[in-house]
Undergrad: 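Sharing a structure, written as structure tokens. Questions coming.
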Number of protein chains: 2
Amino acid sequence: MSGLRERKKTETRAALSWAAIRLTVTQGFDNVLVEDIAQAVGVSPRTFNNYFSSKAEAIAFRHLDRSRQVAEALRQRPVDEPLWAALIEATLTRFTPGPEVAQSPPGSHTEWVDGLAVMLAEPALQGEMLRASAIAEADLAAAVAERTGTDPERDLYPHLVAASVTAAVNAAIRHFLRADPPVAMERLLPDALAQLAAGLPVPTPR
Amino acid sequence: MSGLRERKKTETRAALSWAAIRLTVTQGFDNVLVEDIAQAVGVSPRTFNNYFSSKAEAIAFRHLDRSRQVAEALRQRPVDEPLWAALIEATLTRFTPGPEVAQSPPGSHTEWVDGLAVMLAEPALQGEMLRASAIAEADLAAAVAERTGTDPERDLYPHLVAASVTAAVNAAIRHFLRADPPVAMERLLPDALAQLAAGLPVPTPR
DNA sequence: CAGAAAAGTGCGTGGCACGCAATATTACGT
DNA sequence: ACGTAATATTGCGTGCCACGCACTTTTCTG
């Protein structure tokens, strides 16, 4: 299965996605042509469309990929760990380095985050990002079902958990992107999921 | 404000959305041209694009519209009602008639539901539907904030609640669309939201 | 090393989203 | 009631995009 062939395909897909993101952040969504992305990776425009059926899908791919890994991470948590503790750890492993802030041009983190925010404001992008979350949600529901002895076919429960966790993660990301005194994902994420696990009681003002 | 002009615009928008849905359900997404939708409403193709920037957006508009009304419904619940009870009632008022099963060709409900399921399987649609939910989510978060004395600008809580409720509603809809012994939304929705309010504990098998 | 399988490419096509300018319709003050 | 301003509708033109198809190139397998 995993010969040179599969590996190269994976790399090309990642390279295309990354190029699409980089170019979009720096130049704006509709100033980037499919042709540009293909050229940046050294591949024909037609090949781009063999990997992704749209610019938006290419950009959303990184999010899809990371979201998928949450299900995988959940499966690797000890089986005797409580569900919600395991969910918190699993999401933390994939969403803490910030939404890929660490790499990129070394200086100017704020520039990069701002660029991301602008990019994510693009209507065409929003739908595709949410769709990526939804696709990964199916994997997560399956993993939750395994851990809780429920059935993804018949039961609502695993889907409900997966959907809620995904929603909480997305809410945390959006909060992260707009928080002016910046807040670390390491705090945001566990807090959000803990509130979920507690039934989202109305907070008492203090 | 609400002169003849506004009213007619609203009607045209609704008519276009409805025509887009009807044609898509009966003929399939890519067998329907923008031209067809425009013609069905008696308007020029160019005008279609004054109302919606894509076929998908036109289809998703009904969902957007209904989702928006949940926030409105929440505001009309008595202020002394507990938050989650109010949320259950608010969602029930807008999502119980089935996802618009009641109207349409009188007979053959299953045909219609199947057609809807096929339509919602379209990738281009999924993103747009989720985006509609996300837009309405902002309204809902504002309404939740009012009711709970929190601040949409600074606090994560109202967004967390709105996102979770939206996720639960969407999960319920998907479950409704695939449940083979059919389950009524009237049961699914309160059940899903009650589980949310209880912190989504792992169900005990019986 | 040869044939099969699969990825990459070039070309052509139909459709879409939208800017712009012209026209038709509605709103409103006098 | 009328004329004018505001707004909606329309037609046209343009650039881009997604994809089917056929062909070439690369990789896998026995």
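A, B, ... follow the sequence lines: proteins, then strands. Residue 1 opens every chain. Only this structure's heavy atoms are used, side chains among them; waters, hydrogens and symmetry mates stay out.
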Undergrad: What is the distance, rounded to the nearest whole Å, between atom CG of B:Asp30 and atom P of D:dG20?
TA: 10 Å

Undergrad: Answer whether the closest heavy-atom distance between the side chains of B:Val161 and A:Val202 falls below 4.5 Å.
TA: no

Undergrad: For B:Ser53, enumerate each residue passing the side chain to side chain donor-acceptor pair (under 3.5 Å) test, keeping only those at least two apart in sequence or located in another chain.
TA: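 With sequence neighbours excluded, B:Ser53 shows a side chain to side chain donor-acceptor pair (under 3.5 Å) to B:Glu57, given in chain and number order.
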
Undergrad: Determine: side-chain N/O of B:Lys8 to OP1/OP2 of C:dT26, distance under 4.0 Å, yes or no.
TA: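 Yes, within the criterion.
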
Undergrad: Tell me, please, which residues at least two apart from B:Glu11 pass side chain to side chain donor-acceptor pair (under 3.5 Å).
TA: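 None.
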
Undergrad: For B:Arg22, enumerate each residue passing the salt bridge (Lys or Arg N to Asp or Glu O under 4.0 Å) test, keeping only those at least two apart in sequence or located in another chain.
TA: none

Undergrad: Using a 4.0 Å cut-off on heavy atoms, which residues in residues 38-55 of chain A reach DNA chain C? List them by number, or say none.
TA: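 Under 4.0 Å from DNA chain C: A:Val43, A:Ser44, A:Arg46, A:Thr47, A:Asn50, A:Tyr51.
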
Undergrad: Identify, with sequence neighbours excluded, every residue that meets salt bridge (Lys or Arg N to Asp or Glu O under 4.0 Å) alongside A:Glu89.
TA: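 Residues passing salt bridge (Lys or Arg N to Asp or Glu O under 4.0 Å) with A:Glu89: none at all.
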
Undergrad: Can you tell me the distance, in whole Å, between the CZ atom of B:Phe29 and the P atom of C:dG15?
TA: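 The answer, rounded to whole Å, is 14 Å.
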
Undergrad: Under the rule for ring-ring contact (aromatic ring centres under 6.0 Å, His included), what residues qualify as partners of B:Phe29, not counting sequence neighbours?
TA: none

Undergrad: Rounded to whole Å, please give me the gap between CZ in A:Arg7 and P in C:dA7.
TA: 16 Å

Undergrad: Provide, to the nearest angstrom, the distance between the CD1 atom belonging to B:Ile37 and the C1' atom belonging to C:dG15.
TA: 13 Å

Undergrad: What residues, two or more places apart in sequence or in another chain, satisfy ring-ring contact (aromatic ring centres under 6.0 Å, His included) together with A:Phe61?
TA: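 Scan of A:Phe61 (ring-ring contact (aromatic ring centres under 6.0 Å, His included), adjacent residues dropped) gives A:Phe52.
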
Undergrad: To the nearest 10°, give me the bend of the helix from C:dC1-D:dG30 to C:dT30-D:dA1, comparing the axes of its five terminal pairs at either end.
TA: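 End axes: 40° apart.
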
Undergrad: Among all residues two or more places apart in sequence or in another chain, which pass the salt bridge (Lys or Arg N to Asp or Glu O under 4.0 Å) test with B:Arg13?
TA: none

Undergrad: What is the distance, to the nearest angstrom, from the CG atom on A:Leu16 to the C1' atom on C:dG8?
TA: 12 Å

Undergrad: Going by the side-chain contact (heavy atoms from CB on, under 4.5 Å) test, name the single residue among B:Arg174, B:Met129, B:Gln126, B:His63 that passes it with B:Leu120.
TA: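 Among B:Arg174, B:Met129, B:Gln126, B:His63, the one meeting side-chain contact (heavy atoms from CB on, under 4.5 Å) with B:Leu120 is B:Met129.
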
Undergrad: Provide, to the nearest angstrom, the distance between the CD atom belonging to A:Glu122 and the P atom belonging to C:dA17.
TA: 14 Å

Undergrad: What is the distance from NZ of B:Lys9 to P of C:dA27, rounded to the nearest Å?
TA: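 To the nearest whole Å, that distance equals 13 Å.
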
Undergrad: For residues 145-165 of chain B, which residue pairs pass the side chain to side chain donor-acceptor pair (under 3.5 Å) check, not counting sequence neighbours?
TA: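 Only A:Arg178-B:His159, B:Arg75-B:Glu146, B:Thr148-B:Thr150 qualify under side chain to side chain donor-acceptor pair (under 3.5 Å).
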
Undergrad: If a pair satisfies side chain to side chain donor-acceptor pair (under 3.5 Å) and one of its residues is in residues 34-46 of chain B, list it, with sequence neighbours excluded.
TA: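 As it turns out, the side chain to side chain donor-acceptor pair (under 3.5 Å) pairs with a partner in residues 34-46 of chain B, which skip direct neighbours, are B:Ser44-B:Thr47, B:Arg46-B:Asn50.
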
Undergrad: Grab the N/O contacts between the protein and nucleotides 23-25 of chain D below 3.5 Å, and write none if there aren't any.
TA:
none

Undergrad: Write down the distance between CZ (B:Arg5) and P (C:dT25), rounded to a whole number of angstrom.
TA: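 To the nearest whole Å, that distance equals 12 Å.
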
